[in-house]
Protein chains: 2
Amino acid sequence: MSESTHANSPRWRRLPGERPRQILDAALEVFGERGLAAARLEDIARSAGVSKGTIYLYFPNKEALFCEMIREIPSRHIASVEAMISESATAREQLRAYLRNSWDYVRTPPFEILYRLILSELHHFPDLYEQFIEEVPMRSMRILAGIVTRGIESGEFREIDPLAAGRMLHSVLFVHGVWAAKRARIPFMRDLSDNQVLDQLVDFCLHAIGQAPAPTASHVHT
Amino acid sequence: MSESTHANSPRWRRLPGERPRQILDAALEVFGERGLAAARLEDIARSAGVSKGTIYLYFPNKEALFCEMIREIPSRHIASVEAMISESATAREQLRAYLRNSWDYVRTPPFEILYRLILSELHHFPDLYEQFIEEVPMRSMRILAGIVTRGIESGEFREIDPLAAGRMLHSVLFVHGVWAAKRARIPFMRDLSDNQVLDQLVDFCLHAIGQAPAPTASHVHT
DNA sequence: ACGATTACTGACTCATAAGTAAGTTACTCT
DNA sequence: AGAGTAACTTACTTATGAGTCAGTAATCGT
């Protein structure tokens with residue numbers, strides 16, 4: 001009745017420039033909810049505000065859409081985290097700052113979803129997996145290792161294998177990020193605020209790699 | 001030809017007692033390889049050495065089989081890990097021992113698969129998820145927290161929130177376990193032996209929660 | 001030895017969703 | 001304006017695999 005537009009407001013619009021991104025965002029949502037195999041292209045289409053056929057104008061098939069999504073999404077965020085590394089200050093402060101920034105990234109829903117999808121579907125896309133590993137965790141570890149190295153040189157940190165330390169720091173940080181993103185469903189995260197968890201992380205990490213605070217044998221401060 | 005057995009060796013045997021376990025093991029393999037949605041019941045049947053119909057004699061449907069698998073498998077291992085907690089010795093030694101035992105459990109393929117499946121399919125089985133969380137990570141964290149508490153009392157460890165410490169220790173340990181299980185595909189794990197990683201873990205963790213380190217200077221191998 | 005019973009098989013049905021292509025609508029350019 | 005074309009839709013085909021069930025083979029009881 002009032003559906004058939006006589007004059008204005010067309011039923012749909014041509015937006016070839018924006019479609020890929022709209023579809024990729026919808027794909028993240030639906031793949032994140034159901035996984036690669038169980039996700040329906042029609043759901044992605046509906047969520048993107050287009051019809052199923054349109055997806056095939058921009059992506060050859062379901063798998064390719066999935067891969068493209070994995071490739072595209074992290075590149076949006078990573079750079080901004082890295083840009084924030086402060087040059088000056090002590091290694092301690094650098095580490096604190098980097099942990100705080102990563103913490104904000106790592107708790108976002110897109111990251112949690114991506115991490116989960118990568119983990120569960122990596123079997124069938126080895127190249128994709130390696131790219132992700134290189135672009136997210138290894139990058140993070142290398143930066144952490146760099147900070148640790150500088151801290152060792154300045155005497156702030158104890159002598160520890162910087163790459164190993166980077167791996168350790170990364171693992172606590174990322175796991176807690178994933179947990180925090182799903183906080184409501186995880187009992188032992190429910191009563192903690194994000195800032196509390198971050199404080200615990202920083203405290204734990206700094207003690208793990210820090211120089212002994214006091215060289216004397218037993219000296220418990222209140 | 002020689003297939004139709006005249007006298008001995010029947011084409012199949014009746015093993016109602018062993019079928020459930022056989023099917024569950026096969027399910028772990030196939031679900032682990034393809035995920036819940038993409039796994040084919042026929043593949044599970046073949047891997048279990050039965051036909052598809054047989055699965056339906058023991059499990060009402062695919063989802064139920066999946067859930068039963070998630071429920072059944074971890075219970076086989078957990079108890080054995082917990083049994084190994086030594087009562088005597090210092091908290092330091094207890095922690096070392098517990099990390100070593102968990103390390104062996106956490107690197108096994110079944111654990112890696114289960115962890116991955118839980119992470120990717122938890123959406124649709126909240127009760128199952130909560131059970132797993134309670135039975136595996138929380139159990140582990142509580143034990144770790146207990147050891148930490150004792151270490152604080154004895155003055156071996158610094159004053160730290162034991163539950164927070166338990167969470168931290170658990171997260172490094174488990175992530176490295178998962179990585180180690182998939183070592184071949186993870187660049188930064190390839191050149192490390194399991195024992196090297198364990199040493200790094202223990203070193204990192206003891207420093208993180210330890211009192212000002214013991215007199216030993218540093219034991220950087222090679 | 002030979003029914004009776006129970007464990008198991010395999011060929012079937014049927015729903016679902018990926019991928020396709022012919023048709024339709026919005027926009028462009030003269 | 002109105003022909004031309006690029007963007008999009010919709011109805012279709014087809015493959016796949018979950019779940020079923022009538023029948024078959026192994027084992028038990030006597």
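- Partners of F111(B) under the ring pair (Phe, Tyr, Trp, His ring centres under 6.0 Å) rule, at least two apart in sequence or in another chain, are Y105(B), Y115(B), F174(B).
- For E134(A), the salt bridge (Lys or Arg N to Asp or Glu O under 4.0 Å) partners are R142(A), not counting sequence neighbours.
- Residues satisfying the side chain to side chain contact (heavy atoms under 4.5 Å, CB included) test with A97(A), not counting sequence neighbours, are none.
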With a cut-off of 3.5 Å and sequence neighbours excluded, list every side-chain donor-acceptor pair involving residues 17-24 of chain A.
{"residue": "R19(A)", "atom": "NH1", "partner": "Q22(A)", "partner atom": "OE1", "Å": "2.9"}
{"residue": "R19(A)", "atom": "NH2", "partner": "R13(A)", "partner atom": "O", "Å": "2.8"}

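- For residues 49-63 of chain A, there are no side-chain hydrogen bond (donor to acceptor under 3.5 Å, both in side chains) pairs, not counting sequence neighbours.
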For nucleotides 7-20 of chain D, just jot down a letter per nucleotide in 5' to 3' order: B, S or -, based on protein non-hydrogen atoms under 4.0 Å. BBBB------SBBB
